[in-house]
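Below is one structure, written out as structure tokens; the observations come after it.
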Protein chains: 4
Amino acid sequence: MSLQDSGIPEPQGDGPAGPRPAPEAARRGRPRSEAVEQAIFDAVAGLLEEGVPLAELSIERIARTAGVGKATIYRRWPGKEELFVELLRSLEPEDPVLTGTSVRDDLVMLLETLRQRGLAKRSSALLHNVFSQMHAYPKLWDAYQDTVIEPRRRLGMDTVRRGMELGEIRDDLDVEFVNDLFIGPLLLRTVIRPGATLEPGLAERVVDAVLAGLRPRP
Amino acid sequence: MSLQDSGIPEPQGDGPAGPRPAPEAARRGRPRSEAVEQAIFDAVAGLLEEGVPLAELSIERIARTAGVGKATIYRRWPGKEELFVELLRSLEPEDPVLTGTSVRDDLVMLLETLRQRGLAKRSSALLHNVFSQMHAYPKLWDAYQDTVIEPRRRLGMDTVRRGMELGEIRDDLDVEFVNDLFIGPLLLRTVIRPGATLEPGLAERVVDAVLAGLRPRP
Amino acid sequence: MSLQDSGIPEPQGDGPAGPRPAPEAARRGRPRSEAVEQAIFDAVAGLLEEGVPLAELSIERIARTAGVGKATIYRRWPGKEELFVELLRSLEPEDPVLTGTSVRDDLVMLLETLRQRGLAKRSSALLHNVFSQMHAYPKLWDAYQDTVIEPRRRLGMDTVRRGMELGEIRDDLDVEFVNDLFIGPLLLRTVIRPGATLEPGLAERVVDAVLAGLRPRP
Amino acid sequence: MSLQDSGIPEPQGDGPAGPRPAPEAARRGRPRSEAVEQAIFDAVAGLLEEGVPLAELSIERIARTAGVGKATIYRRWPGKEELFVELLRSLEPEDPVLTGTSVRDDLVMLLETLRQRGLAKRSSALLHNVFSQMHAYPKLWDAYQDTVIEPRRRLGMDTVRRGMELGEIRDDLDVEFVNDLFIGPLLLRTVIRPGATLEPGLAERVVDAVLAGLRPRP
DNA sequence: TAATAATCGAGACGGTACGTCGCGTCTTCTG
DNA sequence: CAGAAGACGCGACGTACCGTCTCGATTATTA
């Protein structure tokens, strides 16, 4: 059936099905309306902002709100979750961090990004709503892990590795292990225990405490 | 079996509705059958062990499997999630840790418990199934936090506090903050990134690394 | 199990099960409370007077209203309809007619009784309610036929037969056929077409018209 | 098949709700399948012919038998009874009578139709089943009255009126009253006392007896 | 004076059906 | 061909009654 022969790059090599089905084969006839696409996003965003819980966001309701046929949605995404994933991805802040002067500063900046996102989830009704319930949708959760969390984890590991090379971090430990020591505490507060405090300076304190250790100073 | 053996009428002022409706005021009429209760749990456990995903565990199906009327289930729990919460709670290992000799050892033991549970989720089909999808059910997730995670978090904080008093841990930091440094990395691996490795000795390594810090030794 | 060997006559030889199961064997233990029986009747009557439709008179609701256990009702009647039959029978006017002077007068009186009952159904909320919906319950309808309608039909046939013997009615026709000519029109108005008029003198007019025939008088 | 072939939007001012919901305003989206409609009727008819009592004809069972979703039935009729009404109506013989030579003959023909229908109810398992229990469903009963019985009653009244004008029937009596004298006896036997005999010639005998009167001939 | 036994209110129990909702697929007509 | 509309088979929802069955508590008769 000559799938995928369109000019579109289609990155996500394998993974979980990929967000949109692609317009199939050669594109003939009436093209898909971008306005419709936007209307669907707007509808979902609108409903979430009104505080509608994720579980009540049925395809049927989204279609009704957007003034769109159900088939039109299914033509674009295989299911509810894939739609959410795409919406979420578009809301994520662009590029998380750039390298600073010292490795310690880079780590602080990395963790600060995590903190900022945690705070954002509380200020925006939409983000709060969707993040607090995202756990409930495995595909959503997985996709979020893959596309948002994992890249930054790698970024963190690169930084740690550089720290070891530069002599700022002891190099007798596993890189991933060390990285977890840094980001674990913050992820714990933003994802697992969403009600926890995220006061300014937290990122810095975590990095410094982990670097310095917890033994009493003489 | 923690089944109604307290004469307390259960006023439960606020809270999250309380797990089961309680048999109301004075106990009149035919009493609820414990056998039925067990049959329901067995049915859920059985289905989960067969690999049926949580989302397909409809009340209807549970009732069918258990050979029980739907109303009999609704008589005991307001909904699916409350039933799962109670089931999960009953599967949780009793009391995680008791104090050892040094605070450092206690912390290791605490984290070792976390690691063991993480491993259990992988060996038991049931646990794996339900935990990997628990995220999808907010009430379940919350209840699990409240009744399982939180108590141990307090246990950890107590240990940290004791460590500060005994001079094993520097006392210029917030207790909760310190506790997060210890358990964050492990929770990260067991809950957020469920595929991560959990090799033996991990608990010990985390505690020691956090205690010693990451600065290169001269 | 020695059913029916009690000294009670138990009339209804065969028929549709008979209203109440009889207290069984020798009567020992606590006897059935008459007060309870009355409470059930009162509850049904009360609900019907409030305009509750027959279809909504569930055993469950009757028991609730009467402050009585469901089993207490089932102990007395096999089902809803049998209960209604007994209630209805108790509401029926005692003895329908007594013989007058001429056969023509007897027939008028017979039909007048039918008319009166038809009117009663309209004045009493209870009677109206139950009669207008009685059709819906085969057993109820049948029992009503057997115990109320049929006896009077026989009474009518006896009267017609007497009329033939006395020379007041032509005797070249079947008795039952003739009887139907008299009561058919009234039953039509009271049972089949419950909204029809039932003006005073109707009984007389029917009898006279049927006796005299409809051919124009010269 | 009397299916929506009128372009009228069906305002149906009052009435008994109107049989089917009507597909609403302009006709858009996929149209209702006539095949499905037939399958439902077939299922009901089939079940009835097997002797299934009306009370056991749940919507659930009909849907199951017809291989149809419940919603598909509810989309067409508000409830069980409305479905039955429409089915019954479709089974009723088309137009009962046309005028003959004398008014007496017309009346005989009218009553003969009633007799025939009474007989039909006994020969057809379906008709017997549904008619014998139709009483149990007020709406069904009412609708049957309105759409089947009443029109023929008017036909009878027209005939009586014509008889009065032509001098075949005395004109000092109310038309409706006279009509009841004719059809009352037959309706009594077919509807109220469904077990009664309906021998050939009954219609003729009723008409002649009512016309001639019951006084003995000298 | 007990023992026995059937009654009572209450409500749990396995079922069946209710009428509604959402699923994902399918048809129809309109652009 | 895309798109809005909505019908379609399906399956689950949570509720209501069905008729049966335990419960503890009365209330008679019998021993």
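No hydrogens, no waters, no symmetry mates; every other heavy atom, side chains included, goes into these values. Computed from a predicted model, the values in this text were never measured in an experiment. Note on naming: letters A, B, ... go to the chains in the order of the sequence lines (proteins, then strands), and numbering restarts at 1 for each one.
- Rounded to a whole Å, the CD atom of C:Glu82 is 10 Å from the P atom of F:dG19.
- The B:Arg30 side chain lies nearest to E:dC13 when the options are F:dC8, E:dC13, E:dA17.
- As a whole-Å value, the separation of C:Arg64 CZ from E:dG11 C1' is 12 Å.
- For the pair B:Leu83/B:Lys80, no side-chain contact is recorded, criterion being any heavy-atom separation below 4.5 Å from C-beta on.
- Phosphate proximity of E:dG14 to B:Thr72: present, with a side-chain N or O under 4.0 Å from OP1 or OP2.
- Mapping C:Gly29 and D:Ser33 onto DNA chain F by nearest heavy atom places D:Ser33 at the nucleotide closer to the 5' end.
- For the pair A:Leu83 CG and E:dG24 P, the computed distance is 12 Å after rounding to whole Å.
- Between B:Asp42 and B:Thr65 the shortest side-chain heavy-atom distance does not fall below 4.5 Å.
- Contact annotation: the side chain of A:Val44 approaches that of A:Leu48 to within less than 4.5 Å [non-hydrogen atoms, C-beta and beyond].
- Residues D:Glu37 and D:Arg32 are not paired through a salt bridge, judged by the lack of any N-O separation under 4.0 Å between the basic side chain and the carboxylate.
- Using a 4.0 Å cut-off, no side-chain N or O of C:Arg28 falls inside it from OP1 or OP2 of E:dT4.
- Taking for each of C:Ala71 and D:Ala71 the nucleotide of DNA chain E with the nearest heavy atom, the 5'-most of the two is the partner of C:Ala71.
- Atom OH in D:Tyr74 sits about 17 Å away from atom P in F:dA7, given to the nearest Å.
- Note that the two end axes of the helix from E:dT1-F:dA31 to E:dG31-F:dC1 enclose an angle of 10°, each drawn from 5 base pairs, rounded to 10 degrees.
- Atom P of nucleotide F:dC18 and atom CD of C:Glu81 are separated by 12 Å, given to the nearest angstrom.
- A:Gly67 comes within 4.0 angstrom of the backbone, heavy atoms only, and of no base.
- With hydrogens and angles disregarded, no donor-acceptor distance shorter than 3.5 Å links the side chain of B:Glu50 to the backbone of B:Leu47.
- When distances are taken from the side chain of D:Val36 to each of F:dG14, F:dG3, F:dC8, the shortest belongs to F:dC8.
- OP1 or OP2 of F:dG3 sits under 4.0 Å from a side-chain N or O of A:Arg76.
- Summarising the geometry, the separation between CD on C:Glu60 and P on E:dG11 is reported as 11 Å, rounded to the nearest angstrom.
- Rounded to the nearest 0.5 Å, atoms CZ (C:Arg76) and CD (C:Glu86) are 10.0 Å apart.
- Heavy-atom distances to DNA chain E give each of D:Gly79 and B:Val68 a nearest nucleotide, and the one nearer the 5′ end belongs to B:Val68.
- Here the CH2-CD1 distance, from A:Trp77 to A:Ile59, works out to 9.0 Å after rounding to the nearest 0.5 Å.
- With contacts defined as side-chain heavy-atom distances shorter than 4.5 Å, the pair C:Gln38/C:Glu34 does not qualify.
- A donor-acceptor contact under 3.5 Å is not formed by the side chain of D:Lys70 with the base of F:dG9.
- Neither OP1 nor OP2 of F:dG6 sits under 4.0 Å from any side-chain N or O of D:Arg32.
- Atom CD of D:Glu34 is separated from atom C1' of F:dA7 by 14 Å (rounded to the nearest Å).
- As rounded to whole Å, 12 Å separates atom P of F:dC13 from atom CD of B:Glu56.
- Among the protein residues, A:Ala63 comes within range of no part of the nucleic acid, since none of its heavy atoms lies under 4.0 Å from any strand.
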